[in-house]
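This report refers to the structure that appears directly beneath it.
Heavy atoms only: backbone and side chains are in, while hydrogens, waters and symmetry mates are out.
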Amino acid sequence: MNDTLHAEAERLLTAAKIWKLGNFGWLNAYDADPDLFGHAQWQTDPPIDNPMIFNARGTHKAAQPEPPEWLKTIAIAGADFEGLMEAARMSMGLLLLSIDAARGRHFVNDPFFDLHRMSALIYLATASERLRELFIAAAFRRGQEDYNRSKGTVHGEPRRKFSSPFIEAADKFTNNGCLSKLIALAPDIVEMRDERNTLVHEIATEIAQRERQSHAEQSGPPAPTIENFQKLQSIQASFRERFARERETVIKNLSDRYSLLVRVSNEIFEFEHHVRRRP
């Protein structure tokens, strides 16, 4: 994306109040936000303060001791989460650009609108998976796949269920306020993940239907008449109204999902910081 498009996307994202992940956690340049303190802790006291840990092919030998695998998992899953959230945010920015460019046009058949919407949905759902992986490493000091395959259940549910590690951790770390909040937020994340598959399927179907309709209209356009022109004007007005409603709904839906992950990650970051130095 060139500088001009990037600047315009940032302007539209700011107007829509879809902030960068790194902006959360602070009331100003110096004071942490007590409601999002986990983000401030994650930014100022990361689990591993060594960028070479993210380079699997790096030959640099750090002076400090090699961190344990569970701590590496926390750092890498956290970095993945940050990257996926920024990718989702930029997809929303490109979606806003697509909407802005369509303003005033009579007909809009912009495949990029649907492409950016699908991209944002997939990035956000994948980001939720990285958060779960980070949490499992922090709470149980093991990998997500190992945790999911382990024997036994959590209150009668398999460990592979999205909410299981939060519930099991609440039994292990009693009186931790972050865990009660995560258990309360988990159903919203599950719903978001389940809806992702349905929405992507629906969006793909809509793209195919519009393509078929477009080809049919091009193959046999009606002869121009006053009646056809009036019908065209009515269709245009109806389409603009529908597009405006769809635009507002899509952006709100994606923004709500992004905000949900900001809240969930805040609790996970605060929990991780609390348990990191436990023996």
Side-chain angles (χ1 to χ4, degrees), residues 6-7 9-49 51 54 73-96 116 119-139 162 166 169 176-193 196 250-276:
H6 187 273
E10 281 293 342
R11 184 188 70 80
L12 293 169
L13 286 165
T14 300
K17 298 183 179 180
I18 304 173
W19 318 114
K20 283 180 174 289
L21 186 66
N23 289 357
F24 292 97
W26 303 95
L27 297 174
N28 51 53
Y30 306 101
D31 300 314
D33 184 345
D35 294 329
L36 293 170
F37 193 57
H39 283 280
Q41 290 176 312
W42 179 261
Q43 294 164 29
T44 57
D45 187 18
I48 299 177
D49 192 13
F54 304 108
T73 297
I74 290 173
I76 293 171
D80 286 351
F81 170 73
E82 292 175 35
L84 287 162
M85 288 290 277
E86 181 58 18
R89 183 175 177 273
M90 291 315 301
S91 289
M92 286 186 271
L94 291 170
L95 178 61
L96 288 166
H116 300 320
S119 296
L121 287 167
I122 292 169
Y123 287 139
L124 290 169
T126 308
S128 72
E129 190 69 18
R130 297 288 76 76
L131 280 179
R132 186 178 186 270
E133 181 180 13
L134 188 161
F135 180 85
I136 289 170
F162 185 86
F166 308 123
N176 186 297
C178 296
L179 296 174
S180 59
K181 292 177 184 177
L182 285 169
I183 291 170
L185 289 168
D188 293 333
I189 295 288
V190 172
E191 182 180 1
M192 179 190 79
R193 289 159 61 88
R196 179 269 313 266
V250 166
I251 292 300
K252 185 179 186 307
N253 178 272
L254 291 173
S255 179
D256 287 348
R257 288 164 184 254
Y258 185 87
S259 298
L260 173 62
L261 288 177
V262 169
R263 298 198 305 276
V264 171
S265 59
N266 177 70
E267 302 306 325
I268 289 178
F269 289 157
E270 188 169 341
F271 171 80
E272 184 279 326
H273 191 271
H274 175 73
V275 303
R276 185 190 305 166

Exercise. Before giving the answer on side-chain contact (heavy atoms from CB on, under 4.5 Å), spell out for L21 and R89 the whole-Å C-alpha distance, their side-chain angles and the decisive distance to 0.1 Å.
Key: CA-CA 9 Å; L21 186 66; R89 183 175 177 273; over 6 Å; no

Quiz item: For the residue pair A40 and A32, what are the closest heavy atoms and their distance?
Solution: CB-CB, 3.9 Å

Quiz item: Roughly how far, to the nearest 0.5 Å, is CG of L36 from CG of N23?
Solution: 11.5 Å

Practice problem: Using the six-membered ring wherever Trp is involved, compare the ring planes of F269 and F81 and label them parallel, tilted or perpendicular (cut-offs 30° and 60°). | Solution: perpendicular

Quiz item: Closest heavy-atom contact between V275 and A138?
Solution: CG2-O, 3.6 Å

Practice problem: State, to 0.1 Å, how close S255 and I18 come at their nearest heavy-atom pair, and which atoms those are. | Solution: OG-CG1, 4.0 Å

Quiz prompt | Atom pair CG/OH of L261 and Y123 - distance to nearest 0.5 Å | solution = 15.0 Å

Self-check item: Criterion side-chain contact (heavy atoms from CB on, under 4.5 Å) on L121 and R257, from CA distance to verdict
Solution: CA-CA 9 Å; L121 287 167; R257 288 164 184 254; 3.7 Å; yes

Practice problem: Any chance you could measure N266, atom CG, to F24, atom CZ, to the nearest 0.5 Å? | Solution: 10.0 Å

Exercise. Hey, could you give me the CZ/OG distance between F135 and S265, rounded to the nearest 0.5 Å?
Key: 13.5 Å

Taking only distance into account, with no hydrogens and no angle test, what donor-acceptor pairs under 3.5 Å do side-chain atoms of residues 124-131 form with protein atoms, sequence neighbours excluded?
from	atom 1	to	atom 2	distance (Å)
T126	OG1	I122	O	2.8
S128	OG	A125	O	2.5
S128	OG	R193	NH1	2.9
E129	OE1	R193	NH1	2.8
E129	OE1	R193	NH2	2.8
E129	OE2	Q144	NE2	3.3
R130	NE	E133	OE1	2.9
R130	NH2	E133	OE1	3.4

Quiz item: Mind checking whether R263 and L260 have side chains closer than 4.5 Å, heavy atoms only?
Solution: yes

Quiz item: Under a 4.0 Å N-O cut-off, is there an ion pair linking E82 with K20?
Solution: no

Practice problem: Hey, could you give me the CD1/CD distance between I74 and E272, rounded to the nearest 0.5 Å? | Solution: 4.5 Å

Exercise. Quick one: closest heavy-atom pair of S91 and H116, and the distance?
Key: O-CB, 3.5 Å

Practice problem: Rounded to the nearest 0.5 Å, what's the gap from CG on L13 to CG on L96? Could you check? | Solution: 5.5 Å

